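Notes to accompany the following structure.
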Number of protein chains: 2
Amino acid sequence: MNTKNKRPLSGCPIDYALSVFGDRWSLLIIRDLAIKGVKTYAELLDGWEGISTNILAQRMRHLEGHGIVERRKNPDNWRSSLYELTPKGRDLAPLLSEIILWGGTYNEADAPKSEAFNIVQSDRGGFERELRQTDNTTD
Amino acid sequence: MNTKNKRPLSGCPIDYALSVFGDRWSLLIIRDLAIKGVKTYAELLDGWEGISTNILAQRMRHLEGHGIVERRKNPDNWRSSLYELTPKGRDLAPLLSEIILWGGTYNEADAPKSEAFNIVQSDRGGFERELRQTDNTTD
DNA sequence: CCTATCGACTTGCGTTATGCAAGTTGATGG
DNA sequence: CCATCAACTTGCATAACGCAAGTCGATAGG
């Protein structure tokens, strides 16, 4: 994940992209923020996959440093921060679609296709448009 | 990267996809195979990014185990193996396009946009069609 | 006041992954 | 019969990750 950027990047866009989110967790965090719109640290913590808190903290710092997420104070709760995707982060929507389509096609573990797969397959444009909106807290 | 699949997968297609190629190297290997069509171990080794041989070996085993790449003997050289993408691997073409577009848009390190970015941007369909062909050794 | 609590972390420590260098294997060319 | 080449494996050091527990500061309850 190149937090310390040990290896110089090659200049290839893929190499750059992987230096930003090429690890086991970043895209899952981005997925959660894309779908939910805005989340607190605690909400991100208890996603299905169960990221541990130290990893989440450093991943959020990394993503914030790369301009993928933004942190701000929660006006309703003094002690809570809110995280949300920046435009740069929201521009990952088509990438998320493709991953969902590919993963949904080839993952045999869950016989019944995931909801995400069905949504993206039936209305990819709508899915991406929704993800691009800042206030898609349909929850 | 979940080689040992320590954590059970969530069923989310993204989680599955990341269990297959969610690390710093897999997509770079897949990129090289997609663009070059077929490569030997040695050719993969001296890509621009400089993967180390032990990592390459275990990544190829992992990708082969997940049905992304196939290994076969080189008919021209008894001691060399040839690696190429399976259909499942070639189906990652649209994902590669999206990564290239995103990475090319936001990577400020290389001011002159990478060739890959220009190609995908001007003719994404052609790019993906080419990647999907088995014998695209235009080299 | 005094203590418990909640949200967002940090710290410690053990395990896994990655990076670097060197060694292995086995057919062939010289 | 020795060096070479392609595709690895092995050893060892560092970085990343996973789990459990601790910190900190404002507030709500007693």
Side-chain angles (χ1 to χ4, degrees), chain A residues 1-10 15 18-29 32-33 38-66 69-84, chain B residues 1-10 15 18-29 32-33 38-66 69-84:
Chain A
M1 223 221 3
N2 246 10
T3 302
K4 295 287 172 59
N5 238 72
K6 296 183 346 174
R7 160 166 76 74
L9 297 181
S10 66
D15 195 29
L18 291 175
S19 78
V20 176
F21 55 75
D23 65 273
R24 197 70 182 72
W25 289 107
S26 294
L27 281 173
L28 296 174
I29 295 168
D32 286 349
L33 291 176
V38 168
K39 283 205 171 214
T40 64
Y41 188 88
E43 287 174 319
L44 288 169
L45 249 191
D46 59 304
W48 209 102
E49 286 92 359
I51 190 173
S52 42
T53 172
N54 53 350
I55 302 300
L56 178 60
Q58 74 186 41
R59 215 72 337 160
M60 294 316 285
R61 238 177 287 128
H62 182 77
L63 292 175
E64 200 183 359
H66 282 280
V69 305
E70 254 173 16
R71 179 203 323 254
R72 57 185 162 87
K73 291 273 105 188
N74 186 347
D76 299 336
N77 185 345
W78 62 268
R79 54 185 146 187
S80 132
S81 295
L82 296 178
Y83 291 95
E84 76 183 307
Chain B
M1 221 225 1
N2 246 9
T3 302
K4 294 289 174 55
N5 239 70
K6 296 184 347 176
R7 160 167 74 77
L9 297 181
S10 66
D15 196 30
L18 290 175
S19 78
V20 176
F21 55 75
D23 66 273
R24 197 69 183 72
W25 289 107
S26 294
L27 281 173
L28 296 174
I29 295 168
D32 286 349
L33 292 176
V38 168
K39 283 205 171 217
T40 65
Y41 189 88
E43 287 173 319
L44 288 169
L45 251 192
D46 59 305
W48 208 102
E49 286 90 1
I51 189 173
S52 43
T53 173
N54 52 349
I55 303 300
L56 178 59
Q58 76 186 41
R59 216 69 340 161
M60 293 316 286
R61 238 178 286 128
H62 182 77
L63 292 174
E64 200 182 359
H66 282 280
V69 305
E70 254 173 16
R71 177 201 324 254
R72 57 185 162 86
K73 289 273 106 190
N74 185 346
D76 299 337
N77 184 343
W78 63 267
R79 56 185 146 184
S80 131
S81 294
L82 296 178
Y83 291 95
E84 76 182 309

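Convention: sequence-line order gives letters A, B, ...; per-chain numbering from 1. Computed from a predicted model, the values in this text were never measured in an experiment.
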### Query
In whole angstrom, what separates A/Ile55's CD1 from C/dT10's P?
12 Å

### Message
Among D/dA7, C/dG26, C/dG19, which nucleotide has an atom closest to any side-chain atom of B/Tyr41?
### Response
D/dA7

### Message
Using OP1 and OP2 only, check whether a side-chain N or O of A/Arg61 sits under 4.0 Å from C/dA8.
### Response
no

### Query
Given C/dT10, D/dA7, C/dT18, which nucleotide is nearest the side-chain atoms of A/Ala57?
C/dT10

### Message
Are A/Ile29 and A/Ile51 packed together at the side-chain level, in the sense that at least one heavy-atom pair is separated by less than 4.5 angstrom?
### Response
yes

### Task
Measure from CG on A/Leu45 to P on D/dC19 and round the result to the nearest Å.
12 Å

### Query
Between C/dT18, D/dA6, D/dC17, which nucleotide gets closest to the side-chain atoms of A/Gln58?
D/dC17

### Integer-rounded Å distance: C/dG19 P and B/Ile51 CD1
7 Å

#### Entry: Nucleotide C/dT18, atom C1' - distance to CZ of A/Arg7 in whole Å
11 Å

### Query
Starting at CG of A/Asn54 and ending at C1' of D/dA16, how long is that distance when rounded to a whole Å?
10 Å

#### Entry: Spacing of A/Leu56 atom CG relative to D/dA16 atom P, expressed in whole Å
17 Å

### Message
Tell me the interatomic distance from A/Asn77, atom CG, to C/dT5, atom P, rounded to whole angstroms.
### Response
17 Å

#### Entry: Derivation of the side chain to side chain contact (heavy atoms under 4.5 Å, CB included) call for A/Ser81 and A/Lys73
CA-CA 5 Å; A/Ser81 295; A/Lys73 291 273 105 188; 4.0 Å; yes

### Message
Contact between A/Asp32 and A/Leu44 at the side-chain level, heavy atoms closer than 4.5 Å - yes or no?
### Response
yes

### Message
When you compare the side chain of B/Tyr41 with that of B/Thr53, does any pair of heavy atoms fall below 4.5 Å?
### Response
yes

### Query
Think A/Tyr83 has a side-chain N or O under 4.0 angstrom from the OP1 or OP2 of C/dC9?
yes

### Message
With heavy-atom distances below 4.5 Å as the criterion, would you say the side chains of A/Val69 and A/Arg71 are in contact?
### Response
no

#### Entry: Side-chain N or O of A/Arg79 closer than 4.0 Å to phosphate OP1/OP2 of D/dA28
no

### Task
Please report, rounded to the nearest Å, how far the P atom of D/dC19 is from the CD atom of A/Glu49.
13 Å

### Task
Check every strand shown and say whether A/Thr53 touches a base, only sugar-phosphate, or nothing at a heavy-atom separation below 4.0 Å.
base

### Query
With respect to the phosphate group of C/dG19, does any side-chain polar atom (N or O) of B/Trp25 fall under 4.0 Å of OP1 or OP2?
yes

### Query
Of the candidate nucleotides C/dA8, C/dT18, D/dG25, which contains the atom at the shortest distance from the side chain of B/Asp23?
C/dT18

